[in-house]
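In what follows, chains are A, B, ... by sequence order, proteins preceding strands, each numbered from 1.
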Amino acid sequence: MTDRRRINGPVGATIPPVFEDTLTQELKAVKKRSRPPNAIRKMYLKTGVTPSASGSAYLEIETTGKPGVSGLKLSCSVHGPRSLPRSSPFSPHMVLSTHVKYAPFATNKRRGYLRDPIERDLGTHLEAALRGAIIADRWPKSGVDIIISIVEGDQDRETSKFQGDEMWDMMNALSGCITVASAALADAGIDCVDTVAGGVAALVQESGDDSTSPNIVVDPIPSEHDKILAACCVAYLPTRDEITNLWFKGDLPASEMELYTKMVEKGIQASRHANRVLIECLTETIG
Amino acid sequence: MATSTAARAAPPSLALPGQLLGPASKYQPGPGTHVHESHLYSSLLGTVHVTQPAKAPGPAKRLTKITPAPAPAELPTISVVRTAPGKHREVLPEVGNIVLCRVIRITPRQAVVAILVCGDTVLDAEWQGLIRVQDVRATEKDRVKIYESFRPGDIVRAEVISLGDQANYYLSTARNELGVILATSESGNTMYPVSWKEFRDPETGLEELRKVAKPF
């Protein structure tokens, strides 16, 4: 990460200090999920925000009621179809390239300007999710660039000291990326078999009730749960009833197949909710 | 049940990607649609258009003539078109399209062109094309010389004959109405065509060789 051309900010956490006062004491006490376990957060989606791109979309997922917890803000632009560079080999179908980039200020820990492995990972999963939805052979010899910038990364300011949180944040970021990219592709007029949307389900354990078994929630916010055991992100085509990408993380006993299926089902449910917003947004633009 | 009601219902006026438009037995798929399990679905966001097939010519005049069994009735074509203001769909050159292009450079074996217009649409992206020496004209192919057919800067009407290699579309001008439509002389004046292989400069009166497109 030696980027000499820019003046980089300091490496490491640059969050403002949070002092213990009566307000934060109170806030810590209400660290609980305020939504029912099968409800996702409200989201705002709008297409056609970048005039210079062939297609674009902006997605915002609301913050929780608690101050200090940021929401998810994504901006996606689609460029193309355009001719491939001369060095690339002949391709009878469209070549997708996806770039996901966190803004340097999007997360608690400041990000560099170069792509890190997490962003590469998100890009690969996003490409897999979209490839199943696009009719690529309608566009021979052409390439499409899908660029997503994560403006705000859905992180709690106060939990920067806990390591490993980031791995769960990636799930929410990916599901948002899939939904916003799908809207931008429709805006760009690229042939798709269906509108793909992302959804996240997680297996959570609350510390208060150790005796009870862990339960599954959709659209988890890591700061609202004591422990997340596993999470899965699903990219789902509702009219086809097909999954184009599935990503599991965490520890699950291999013997409990039912748990896996249940989590995927919940992920699909979350994806269907996101898809309703997507449909509504797209209908508005042509109606 | 859902499909049977959709089969009877008229197609929707607006469509989203993945929306059911009707059975494949009732419509032909047009641009912006795709077929899945013998049903037609939209693949674009936009308005739905149904175009009736062109009327078949009336009954055969000579009834004594032996004709093949009548072809099945033409189905109306259903298509989805994006109609957002300030937006137009990207177009790719396809095999069989007539394109307008500008000659970039010439070699003894080929002319490299930039495709500017495809059909009636001006292209946003820059696509490169290639007119090989054997595709310049239909007759006397072995006597064709590229420098007697094209010069850099000429505007050429050509037909796409192949998607070509990774970089170039292959184009052909081997028809009367295809070839150079706008040429400038060595002294920089716009010339007018005088024959199928000559342009004349209106000021100097000099003639230059080109593969001339038939003007009318």
Side-chain angles (χ1 to χ4, degrees), chain A residues 47-48 51-56 78-95 133-135 137-144 182-197 237-242 275 278-287, chain B residues 2-3 6 12-21 29-37 39-48 79-95 112 114-115 123-130 160 162-170:
Chain A
T47 58
S52 58
S54 326
S56 57
V78 174
H79 296 276
R82 53 187 177 194
S83 51
L84 289 170
R86 293 184 62 83
S87 54
S88 58
F90 179 85
S91 158
H93 45 74
M94 175 186 271
V95 177
I134 285 179
I135 309 177
D137 47 356
R138 298 236 168 130
W139 303 91
K141 290 178 64 169
S142 51
V144 165
S182 173
L185 279 176
D187 187 42
I190 292 167
D191 296 74
C192 291
V193 293
D194 202 351
T195 48
V196 63
L237 305 175
T239 45
R240 285 277 182 106
D241 194 23
E242 281 173 20
N275 203 78
L278 181 59
I279 295 283
E280 196 62 40
C281 163
L282 295 181
T283 316
E284 250 173 45
T285 59
I286 51 169
Chain B
T3 52
S13 59
L14 301 173
L16 299 158
Q19 191 165 344
L20 181 68
L21 298 175
T33 65
H34 67 279
V35 184
H36 178 62
E37 287 177 349
H39 281 276
L40 285 168
Y41 293 87
S42 169
S43 59
L44 287 180
L45 173 71
T47 49
V48 180
S79 58
V80 177
V81 182
R82 184 74 203 272
T83 49
K87 284 248 175 195
H88 67 272
R89 200 168 133 77
E90 300 274 346
V91 179
L92 291 188
E94 276 176 50
V95 173
V112 179
I115 301 173
L123 299 176
D124 286 339
E126 177 106 334
W127 301 97
Q128 198 169 288
L130 206 62
V160 181
S162 159
L163 292 182
D165 56 14
Q166 74 270 31
N168 303 305
Y169 282 89
Y170 286 176

Identify which part of [X] has an atom lying under 4.5 Å from any heavy atom of chain B, answering side chain, backbone, both or neither.
X	result
P81(A)	both
S142(A)	both
L282(A)	both

Discussion item. Please find the pair of heavy atoms, one from S43(B) and one from D191(A), that lie closest to each other, and give the distance.
Written reply: OG-OD2, 2.9 Å
Item to complete: Taking S83(A) for its side chain and E126(B) for its backbone only, find out whether a donor-acceptor pair lies under 3.5 Å.
Response: yes
Discussion item. So, taking the atom named CG in D194(A) and the one named NE2 in H34(B), what distance separates them when rounded to the nearest 0.5 Å?
Written reply: 7.5 Å
Item to complete: Drop me the distance from S91(A)'s OG to Q166(B)'s CD, to the nearest 0.5 angstrom.
Response: 11.0 Å
Contact class of [X] relative to chain A, heavy atoms under 4.5 angstrom:
X	result
T33(B)	backbone
A167(B)	both
E37(B)	neither

Worksheet entry | Note, L16(B) side chain near T283(A) side chain (heavy atom, < 4.5 Å) | yes
Worksheet entry | Derivation and outcome, side chain to side chain contact (heavy atoms under 4.5 Å, CB included), residues L163(B) and K141(A) | CA-CA 8 Å; L163(B) 292 182; K141(A) 290 178 64 169; 4.1 Å; yes
